[in-house]
Trainee: 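Below is one structure. I have some questions about it.
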Amino acid sequence: MIILGIETSCDETAAAVVRDGRFVLSNVIRSQVDLHERYGGVVPELASRRHVTTIVPVIDLALEQAEVGPSQIDAVAVTEGPGLAGSLLVGVNVAKTLAFVWEKPLIPVNHLEGHVYANWLTLPGQEEVQEPSFPLVCLIVSGGHTELVLMRGHGDYILLGRTLDDAAGEAFDKAARLLGLGFPGGPAIQKAAERGRPGRFSLPRAWLGDSYDFSFSGLKTALLRILEQYQRRPPRRVTTRQPFPEYVAPEYGPNVPIADLAAEFQAAVVDVLAEKTARAAREFGATMVLLAGGVAANAALRQRLHELSPVPVRYPAPILCTDNAAMIAGAAYYLAQRGVRADLDLDVQAQLPLVTRTLIQTAVP
Amino acid sequence: MGRSGQLLLALETSGEQVAMALYDGSVIGELLYDAGREHTATVLPRIRELLADNRRSIRDVGAVAVTTGPGSFNGLRVGMSIAKALSYALDVPLLGVLTLDALAYPHTALGRPIRAFVVAGRGRVVYADYRRQGVAWVRDSSLRSVRIEELAEGLMSQTVLAGALPGEHEQLLRGRPAIILPPPSLRQLRPAWIAELAFHRWRAGEADPVAALEPIYVHGGGAEIVPPVQLPVSYEVRSGQE
Ligand SMILES: [Zn+2]
């Protein structure tokens with residue numbers, strides 16, 4: 001079964017062709033980082049504007065690189081949510097139109113489920129990735145989400161915990177802004193942390209008792225308190241390019257310990273993520289731990305999880321960690337097996353949680 | 001006119017009123033409905049309905065027209081996404097039509113200057129002016145965003161106001177001396193007007209680039225420069241009868 005996947009939930013315009021939920025035939029991603037950099041974060045209005053001009057060439061390229069025509073496609077899959085409403089609607093309306101004209105089934109995919117299923121994918125020319133085994137614990141970490149999920153079979157998710165405030169990737173973005181390290185924050189902090197030493201400063205870890213929930217906003221505030229001692233000029237927004245104010249990084253004196261602070265910040269985020277994930281794997285008898293989402297590309301997180309986890313840890317190739325459409329086409333294959341389909345009245349679901357449609361049992365065993 | 005290759009589908013989703021038409025030199029079918037904010041959920045099912053009601057298939061469509069605004073940003077993006085995907089999947093030309101051009105078009109026969117406008121939210125309107133140049137009607141090169149109360153300010157000669165205002169503001173316009181107000185049904189954007197304007201361009205061999213075509217985003221208080229345009233003559237008036 002060959003599925004064309006379309007993903008426009010945030011600031012990547014993506015289309016991909018995937019066979020049988022496992023084999024990536026093409027995976028085209030147009031990043032908008034260049035567009036949002038000067039604002040210090042994604043500007044939703046600009047993101048959806050860019051999707052409008054990028055979506056058709058991206059789809060065309062995905063089909064061309066996969067060497068398939070519309071007649072060889074068995075279904076069209078699209079991210080219905082969660083994400084930015086104005087971005088999601090571009091992909092959803094385009095996908096519905098293609099399914100309508102080409103007379104193909106339309107499969108709606110939860111973006112978070114897509115991230116999970118990135119772990120099933122094999123890239124072209126790579127050794128075949130083994131199918132993950134159940135039950136497993138999956139940590140979905142990105143700029144938009146931090147969710148710890150127990151997965152007992154295809155489509156069978158139990159939400160163990162989630163962030164109560166900022167997502168992990170969002171915390172990295174905010175910290176990078178405070179440190180003047182640029183956007184996106186995750187890679188910038190990881191790079192700065194390589195030159196630094198964690199522990200020279202002490203930032204708090206929010207354990208929240210026995211809960212599997214996360215909280216990162218206190219960490220950001222603690223970082224801000226330390227940085228204020230070094231600040232010459234606070235960060236600000238300037239309105240040079242109407243109507244979106246640009247972000248100007250704070251100015252610091254010469255002795256500001258950026259690298260050490262970045263290292264400690266990263267360690268504080270990673271400690272909590274890895275510790276809770278490893279504990280969940282033990283408690284629920286998981287056969288493996290999966291990482292998913294943009295922050296899954298963070299080397300310190302992978303390292304710490306390898307140290308703590310009682311079972312093997314798996315994560316997708318970096319190009320499949322970031323938002324992409326191959327993961328959407330991949331997840332759609334398993335949804336199609338269970339008869340999930342949408343009609344032309346499909347709407348975007350900006351706040352879609354992972355477990356609404358797919359939850360089979362609610363009780364934690 | 002023959003059925004094959006002549007059929008144009010026009011789509012307008014820039015406001016709460018969604019409009020669509022099938023046109024092949026004359027109007028085959030029109031649909032106008034209040035979508036509220038449910039554009040994504042309702043537009044494609046309605047396109048399917050319009051085609052079925054008129055015994056046409058989507059494969060009969062030979063060109064796609066879409067309004068480029070001004071209007072609701074997300075509303076415009078729904079129409080633009082659908083129109084681009086139709087143009088791509090069917091491999092047919094795509095034509096963008098400025099909503100204001102379509103609003104002005106039926107009124108050129110009056111021989112008066114025209115100010116076409118759409119309500120832009122937050123008490124603002126976006127308008128463009130149309131003047132006669134010889135036999136042609138030409139749009140000014142900028143779209144202006146002003147407060148609703150300022151819409152009719154600075155009008156010197158009797159000018160046709162084409163567009164619909166929320167109830168209380170209609171009263172504000174009625175007393176003005178320099179204004180010609182057509183009946184409400186002629187001031188509301190009709191699907192066939194968009195189709196007809198696009199059809200003229202299509203028959204003239206014009207098309208817009210599928211990837212690059214973008215809605216026109218006019219922000220509050222701003223002005224947007226757009227290329228001036230010449231409208232096709234809406235009424236044929238033979239010389240000597242004027
Ligand atoms: Zn994501």
Side-chain angles (χ1 to χ4, degrees), chain A residues 4 6 8 13 15 30 44-61 63 69-71 73 76 78 80-81 84-104 106 108 239 241-244 342-350, chain B residues 9 11 13 35-49 51-52 57-61 64 66 68-69 72-92 94 96 145 208-224:
Chain A
L4 168 67
I6 295 171
T8 63
T13 316
R30 283 289 168 275
E45 174 59 25
L46 291 180
S48 51
R49 288 183 188 186
R50 181 66 74 84
H51 287 307
V52 169
T53 53
T54 316
I55 185 73
V56 168
V58 162
I59 291 170
D60 195 42
L61 191 59
L63 291 174
S71 61
I73 299 281
V76 178
V78 66
E80 60 173 326
L84 303 168
S87 288
L88 286 165
L89 71 82
V90 176
V92 166
N93 280 292
V94 167
K96 290 201 292 186
T97 306
L98 296 182
F100 174 47
V101 174
W102 291 340
E103 297 174 2
K104 309 289 180 188
L106 176 70
T239 318
R241 278 166 193 265
Q242 287 277 16
F244 307 104
D343 199 6
L344 295 185
D345 61 356
L346 176 70
D347 205 349
V348 303
Q349 310 279 344
Chain B
L9 168 67
L11 195 55
T13 61
R37 288 165 168 261
E38 302 292 306
H39 293 68
T40 294
T42 62
V43 173
L44 266 166
R46 292 303 179 94
I47 291 176
R48 181 167 57 186
E49 232 173 86
L51 287 161
S57 145
I58 190 66
R59 300 242 165 224
D60 296 329
V61 170
V64 179
V66 65
T68 54
S72 139
F73 295 172
N74 271 348
L76 285 164
R77 282 190 278 262
V78 172
M80 197 59 75
S81 301
I82 293 172
K84 285 183 173 203
L86 282 173
S87 166
Y88 171 69
L90 294 166
D91 195 17
V92 300
L94 175 68
S145 164
D208 289 314
V210 178
L213 185 66
E214 272 195 280
I216 289 159
Y217 302 106
V218 184
H219 290 270
E224 195 68 26

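Note that these values count all heavy atoms, side chains included, but never hydrogens, waters or copies made by symmetry. Convention: sequence-line order gives letters A, B, ...; per-chain numbering from 1. Keep in mind it's a predicted model, so treat the numbers as computed, not measured.
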Trainee: Contact part of B/Val210 toward chain A, heavy-atom cut-off under 4.5 Å: side chain, backbone, both or neither?
Mentor: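 The answer is the side chain of B/Val210.
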Trainee: Of all of A/Ala95, A/Gly91, A/Ser48, which one pairs up most often with chain B through heavy atoms under 4.5 Å apart?
Mentor: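 With the most close heavy-atom pairs to chain B, the winner is A/Ser48.
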Trainee: I need the minimum non-hydrogen distance between A/Thr97 and B/Leu44, along with the two atoms involved.
Mentor: OG1-CD1, 3.4 Å
Trainee: Please check if the side chain of A/Lys96 supplies one atom and the backbone of B/Thr40 the other of a donor-acceptor pair under 3.5 Å.
Mentor: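 It does hold such a pair.
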Trainee: Compare every heavy atom of B/Arg59 with every heavy atom of A/Trp102, then report the nearest pair and how far apart it is.
Mentor: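 For A/Trp102 and B/Arg59, the tightest heavy-atom pair comes out as CA-NH2, 4.1 Å.
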Trainee: Heavy-atom cut-off 4.5 Å, strictly under: side chain, backbone, both or neither for B/Ala211 against chain A?
Mentor: both
Trainee: With a 4.5 Å limit on heavy-atom distance, are the side chains of A/Val94 and B/Lys84 in contact?
Mentor: no
Trainee: If you take all heavy atoms of A/Asn93 and B/Ser81, which pair is closest and at what distance?
Mentor: CB-CB, 3.8 Å
Trainee: Less than 4.5 Å to any heavy atom of chain A: does that hold for the side chain of B/Pro209, its backbone, both, or neither?
Mentor: neither
Trainee: For B/Leu213, is it the side chain, the backbone, both, or neither that has a heavy atom closer than 4.5 Å to a heavy atom of chain A?
Mentor: backbone
Trainee: For the candidates B/Glu38, B/Glu214, B/His39, B/Met80, which exhibits the highest count of non-hydrogen atom pairs separated by less than 4.5 Å from chain A?
Mentor: B/Glu214
Trainee: Sort A/Val92 into side chain, backbone, both or neither according to what part of it lies under 4.5 angstrom from a heavy atom of chain B.
Mentor: side chain
Trainee: Count the heavy-atom pairs under 4.5 Å between each of A/Asp343, A/Leu98, A/Val101 and chain B, then report the option with the highest count.
Mentor: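 Option with the greatest count: A/Val101.
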Trainee: Is it the backbone or the side chain of B/Leu86 that comes under 4.5 Å from a heavy atom of chain A, or both, or neither?
Mentor: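 Both backbone and side chain of B/Leu86 come within 4.5 Å of chain A.
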Trainee: Return the set of residues passing side chain to side chain donor-acceptor pair (under 3.5 Å) with A/Asp60 (not counting sequence neighbours), or none when no residue passes.
Mentor: B/Tyr88
Trainee: Does any heavy atom of chain A fall under 4.5 Å from the side chain of B/Arg46, the backbone, both, or neither of them?
Mentor: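 Nothing of B/Arg46, per the 4.5 Å heavy-atom cut-off to chain A.
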Trainee: Considering residues, nucleotides and ligands other than B/Arg37, do more than 12 of their heavy atoms fall under 6.0 Å from its CZ?
Mentor: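 Counting other residues, nucleotides and ligands, CZ of B/Arg37 stays at 12 neighbours or fewer.
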Trainee: At a heavy-atom distance under 4.5 Å, which candidate from A/Leu346, A/Leu89, A/Val348 has the highest pair count against chain B?
Mentor: A/Leu89
Trainee: For A/Ile6, which atoms come within 4.5 Å of any heavy atom of chain B: side chain, backbone, both, or neither?
Mentor: neither
Trainee: Report yes or no: does A/Arg49 contribute a side-chain atom to a donor-acceptor pair with the main-chain N or O of B/Arg77 at less than 3.5 Å?
Mentor: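 Flag not set: sc A/Arg49 to bb B/Arg77 has no pair under 3.5 Å.
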